[in-house]
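Every chain is numbered from 1, with letters handed out A, B, ... down the list of sequences.
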Number of protein chains: 2
Amino acid sequence: MSTAKNNKPTESELEILGILWEKGAGTVREVHEVLEKSKDAGYTTTLKLMQIMHEKGLLKRDTSSKTHVYEAAISQESTQQQLLTRMIDTVFNGSATQLVMQALGNHRSSQEELDMIKQYLNTIEEQQKK
Amino acid sequence: MSTAKNNKPTESELEILGILWEKGAGTVREVHEVLEKSKDAGYTTTLKLMQIMHEKGLLKRDTSSKTHVYEAAISQESTQQQLLTRMIDTVFNGSATQLVMQALGNHRSSQEELDMIKQYLNTIEEQQKK
DNA sequence: ATTTGTTTACGAAAATATTCGTAGATCAAT
DNA sequence: ATTGATCTACGAATATTTTCGTAAACAAAT
């Protein structure tokens, strides 16, 4: 229960979080520029969205200079986790395995990635033996 | 482009689809009864939702008897696929592998399931060699 | 045939999410 | 100090999603 996270991000908010998780931090303009590529919305729309997200506790911001700098206030991992859980629940009959296989089947993975996953599976098995 | 599927289901609609995918088909009352366990909403709310879904082409229905029987009109697989893709895109930095590992890490899987996944990985590798 | 319970249809309210116009602040360059 | 560009704040319009009240149809039981 560290930072406010009982607010589940909306679709648009997720897009912004995604951008900030990658960038690390950024101004409204920077975020907006990325957003524009996949979406068309005005600058003030992005601004407003980010302000709301700040109010909700989804973003932190540094207002020390005129141009504010924003940063995600919730971790990518915990958000991923929440979304995954919900998705497995409602759409994958509660089976994580089903989700994993579906993901592997339709999204080309390189040999390196497959190896990484295999290795990870081994790690899990080791843990379970204990 | 068989049946209308350009309509992405909303959150509530997904819950209903999930139920129908499991049941195969059902009346409003039946769906509502399942829904009630995790949510609280009136009967007519569920009814309306399912009517809308029918209009959108998300559900088929049999109106031959007084009590209509509904069934999902879009496949679970294609829906899973769409959702996975979007999720990987916005929240997992475009990496399916990242999603897979996150899912494996936090949702306990039995040894049987792990074996199944391993086997599936081998299948994929075989395919890629060709 | 009247009552009772269950169903669909419809419309509209309520709640949420998204969008943007406008005004005022700030700063750099003229 | 005026202009121009860029930024934040704010409020409100739009759009979308969710909710439910009410009425009419229907069937089974009294």
Side-chain angles (χ1 to χ4, degrees), chain A residues 4-20 25-71 74 79 82-83 86 90-91, chain B residues 4 6-20 25-71 74 79 83 86 90-91:
Chain A
K5 75 118 187 240
N6 35 351
N7 269 323
K8 60 167 180 270
T10 68
E11 197 59 26
S12 301
E13 289 173 344
L14 269 185
E15 293 179 60
I16 290 176
L17 281 170
I19 292 168
L20 285 174
T27 65
V28 174
R29 170 119 348 244
E30 288 167 348
V31 170
H32 180 64
E33 233 126 57
V34 179
L35 215 47
E36 266 186 324
K37 292 179 198 159
S38 51
K39 217 187 180 184
D40 83 328
Y43 173 81
T44 52
T45 300
T46 305
L47 170 66
K48 180 67 171 190
L49 225 21
M50 290 175 72
Q51 286 172 340
I52 290 173
M53 290 173 76
H54 175 248
E55 278 171 24
K56 286 194 194 173
L58 295 174
L59 298 185
K60 286 182 284 197
R61 75 174 167 187
D62 175 351
T63 58
S64 59
S65 62
K66 182 199 165 192
T67 306
H68 301 176
V69 177
Y70 291 81
E71 193 179 345
I74 60 177
T79 307
Q82 257 179 273
L83 292 175
R86 186 146 32 112
T90 66
V91 179
Chain B
N6 36 349
N7 269 322
K8 60 166 179 272
T10 69
E11 197 60 24
S12 302
E13 289 173 344
L14 269 185
E15 294 179 58
I16 290 175
L17 280 171
I19 292 168
L20 285 174
T27 64
V28 174
R29 168 107 4 229
E30 287 166 348
V31 170
H32 180 63
E33 234 125 59
V34 179
L35 215 49
E36 265 187 325
K37 291 180 199 161
S38 52
K39 218 187 179 184
D40 84 327
Y43 173 80
T44 52
T45 300
T46 306
L47 169 67
K48 179 68 169 189
L49 225 19
M50 289 175 73
Q51 285 172 341
I52 291 173
M53 290 172 76
H54 175 247
E55 277 171 26
K56 286 193 193 174
L58 294 174
L59 298 184
K60 288 181 283 197
R61 75 172 167 185
D62 174 352
T63 59
S64 58
S65 61
K66 183 198 165 192
T67 307
H68 301 177
V69 177
Y70 290 82
E71 193 179 345
I74 61 177
T79 307
L83 292 175
R86 186 146 33 112
T90 66
V91 180

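- Whole-Å rounding puts the B/Leu14 CG to D/dT16 P distance at 18 Å.
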Item to complete: Starting from the C-alpha separation in whole Å, work towards a yes-or-no answer on side chain to side chain contact (heavy atoms under 4.5 Å, CB included) for A/Glu11 and B/Arg86.
Response: CA-CA 10 Å; A/Glu11 197 59 26; B/Arg86 186 146 33 112; 3.0 Å; yes

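- Residue A/Glu13 is classed as having no contact, given no heavy-atom separation below 4.0 Å to the nucleic acid.
- Heavy atoms only, all atoms of each residue included: B/Leu20 and B/Val31 are closest at CD2-CG2, 3.8 Å.
- Among B/Thr45, B/Leu59, B/Leu58, the one residue that satisfies the side-chain contact (heavy atoms from CB on, under 4.5 Å) test with B/Met50 is B/Leu59.
- Distance B/Leu47 CG to D/dT17 P: 19 Å, rounded to the nearest Å.
- OP1 or OP2 of C/dA9 sits under 4.0 Å from a side-chain N or O of B/Gln51.
- One atom, CD of A/Glu11, and another, P of C/dT19, lie 11 Å apart when rounded to the nearest Å.
- Here D/dA9 presents its C1' atom at 14 Å from NE2 of A/His54, a figure rounded to the nearest Å.
- Between B/Arg61 and the phosphate of C/dA9, there is a side-chain N or O to OP1/OP2 separation shorter than 4.0 Å.
- A/Thr45 comes within 4.0 angstrom of a nucleotide base, judged by non-hydrogen atoms across all strands.
- No option in B/Val28, B/Leu35, B/Ile16 other than B/Ile16 meets the side-chain contact (heavy atoms from CB on, under 4.5 Å) test with B/Leu49.
- Rounded to whole Å, the distance from CE on B/Met53 to C1' on D/dT16 is 16 Å.
- A straight line from NE2 of A/His32 to P of D/dC7 spans 10 Å, rounded to a whole angstrom.
- Under 4.0 angstrom from either OP1 or OP2 of C/dT8 there lies at least one side-chain N or O belonging to B/Tyr43.
- Taking every heavy atom of both residues into account, B/Lys39 and B/Ser12 meet most closely at NZ-OG, 3.4 Å.
- Closest approach to the A/Ala41 side chain among C/dA9, C/dC20, D/dC7 is made by C/dC20 (side chain taken as heavy atoms from C-beta onward).
- At a cut-off of 3.5 angstrom, the base of D/dG11 holds at least one donor-acceptor pair with the side chain of A/Lys48.
- Tested against B/Met53, the residues B/Glu13, B/Arg61, B/Lys48 include a single side-chain contact (heavy atoms from CB on, under 4.5 Å) partner, B/Glu13.
- Across all strands, B/Thr44 comes closer than 4.0 Å to base atoms (heavy-atom distances).
- Considering only the side chain of A/Thr10, C/dA17 comes nearest among C/dT8, D/dT18, C/dA17.
- Put simply, CG on B/Leu35 is 12 Å from C1' on D/dT18, counting in whole angstrom units.
- Contact check, A/Thr67 against D/dC7: no side-chain N or O comes under 4.0 Å of OP1 or OP2.
- Checking C/dT19, C/dA17, D/dT8 against the side-chain heavy atoms of A/Lys39 singles out C/dT19 as nearest.
- The side chain of A/Val28 approaches D/dT8 more closely than any other nucleotide in the set C/dT7, D/dT8, D/dT18.
- Atom C1' of nucleotide C/dC10 and atom CG of B/Leu49 are separated by 15 Å, given to the nearest angstrom.
- At a cut-off of 3.5 angstrom, counting only N and O atoms as typed in the model, there is a donor on one side and an acceptor on the other between the side-chain of A/Lys66 and the base of D/dT6.
- Between B/Arg29 and the phosphate of C/dT7, there is a side-chain N or O to OP1/OP2 separation shorter than 4.0 Å.
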